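Below you'll find the structure, written out as structure tokens, and then a few comments.
All heavy atoms count here, side chains included; hydrogens, waters and symmetry mates do not. Because the structure is predicted, anything quoted here is derived from the model rather than measured. Lettering of chains follows the sequences in order, A, B, ..., and the numbering in each one begins at 1.
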Amino acid sequence: MPELPEVETVVRGMAQVLPGLKVTAVEGIAPMEAVGKQVQSVRRYGKFIILDFSDGMLFIHLGMTGQLMVSSDTSKFTRGRLLFEGATVRYDDIRKFGKMFWDTHYPKRGPDPLELTPEEFIALAKRRKTRIKALLLDQSALRGMGNIYTDEALFHAKIHPCASAAKLSRARLATLHQCTREILREAIAAGGSSISDYVDARGEKGGYQLRHQVYGKHGQPCPICGTVLQRMLVTQRGTTFCPRCQTR
DNA sequence: CTTAATGTTCCCCA
DNA sequence: TTGGGGAACATTAA
């Protein structure tokens, strides 16, 4: 579930309740370093949720099926909890690909796509020979994009997932950058995409999945030209695209 | 029974 | 060093 828009949505929900609260206890995989300390702020770093404390940060990565919500209940998939005075945050994760850890420095990641200028994006792509989809998914190149928004952005920009990043014209890269920003912003405004597991900090689903144009829609007609949407594997990730609209 | 799933990391090879 | 391919991790749903 969790790509930049979903993580941003969770962060905004947590930011409404956690700042100022003190951690009284932790359970499961929640790091003990947080106990007795007060949350200063909640932020997003790529796909990480960060709870800031005076002497360190609690990083949470939702993996594929992680859910972080304000709830005093537990489920059979609850892997950790943060108990505060007056609130409880529960971390559920069916597939256990997610993580929670304490650190004093950031994991190495590329720039945030929403903070990047068109020129910076073009320069980034021009120095990489890889396929454009692989570049967008590479967190060390760009932090936050995942399989859903990569397919949606490439479709909107009419770029084939296997196009060489460096060989794309500056104009097409500028278009891709613009489409990426618009899609991410709209997805955040819609509360993210709920495909199977994603819910926000209150346990509510997002609404952007209703506006997906190609993700998970192989076999259906392209919403622009009617050609059957194709599916292929790129970097071992299912990729859906329009073979007519999207060119290299 | 088989396949695919919103992600990351590590290993091997060119 | 860069990049591609594949596997692994763990679980559910179709």
Of the listed dG7(B), dT11(C), dT12(C), the closest approach to the Lys96(A) side chain comes from dT11(C)
To the nearest angstrom, the CZ-P distance between Phe101(A) and dT9(B) comes to 9 Å
Taken to the nearest whole Å, CZ/Arg143(A) to P/dT8(B) is 13 Å
With the side chain defined as heavy atoms from C-beta on, Pro2(A) is closest, among dA5(B), dG7(B), dT11(C), to dG7(B)
Leu142(A) atom CG is separated from dG7(B) atom C1', nearest whole Å, by 16 Å
Charged N to carboxylate O below 4.0 Å: is that the case for Asp151(A) and Lys133(A)? yes
Whole-Å distance, Arg95(A) CZ to dA10(C) C1', equals 7 Å
Partner of dA13(C) under the Watson-Crick or G-U wobble criteria, both distances under 3.5 Å, comes out as dT3(B)
Phe241(A) vs Phe155(A), test: ring-ring contact (aromatic ring centres under 6.0 Å, His included). Steps then yes/no. CA-CA 6 Å; Phe241(A) 67 104; Phe155(A) 173 74; over 10 Å; no
Separation of dA5(B) atom P from Ile148(A) atom CD1, nearest Å, is 11 Å
Testing dA10(C), dT8(B), dG7(B) for proximity to the side chain of Arg237(A), the answer is dG7(B)
Self-check item: Under-4.0 Å salt bridge between Asp92(A) and Arg90(A)
Solution: yes
### Message
It should be established whether Lys99(A) places a side-chain nitrogen or oxygen under 4.0 Å from OP1 or OP2 of nucleotide dG7(B).
### Response
no
From CE of Met232(A) across to P of dA4(B) the rounded distance in Å is 14 Å
Nearest heavy-atom contact between Glu85(A) and Leu21(A) is O-CD2, 3.9 Å
- prompt: So, Glu119(A) and Lys126(A), do they make that salt bridge, N to O below 4.0 Å?
  reply: no
Of dA4(B), dG7(B), dT11(C), the nucleotide closest to the side chain of Met64(A) is dG7(B)
Checking dT9(B), dA5(B), dC9(C) against the side chain of Tyr215(A) (C-beta onward), the nearest is dA5(B)
Exercise. Contact class for Arg109(A) (heavy atom, under 4.0 Å): base, sugar-phosphate, or nothing?
Worked result: sugar-phosphate
Closest to the 5' end of DNA chain B, once Thr239(A) and Leu137(A) are matched to their nearest nucleotides, is Thr239(A)
Using modelled atom types and a 3.5 Å cut-off, is there a donor and acceptor pairing between side-chain atoms of Gln139(A) and backbone atoms of Leu137(A)? yes
Ion pair Asp138(A)/Arg128(A), N-O distance below 4.0 Å: yes
note: Phe97(A), atom CZ; dA4(B), atom P; distance rounded to Å ~ 16 Å
The contact string for nucleotides 2-7 of chain C, one letter per nucleotide 5' to 3', using protein heavy atoms under 4.0 Å with B, S and - for base, sugar-phosphate only and none, comes out as -SSSBB
field: dG7(B) phosphate, OP1 or OP2, under 4.0 Å from His61(A) side-chain N/O
entry: no
Salt-bridge present (Arg211(A), Glu186(A); N to O < 4.0 Å) | yes
In whole angstroms, the gap separating P of dA10(C) from NZ of Lys76(A) amounts to 16 Å
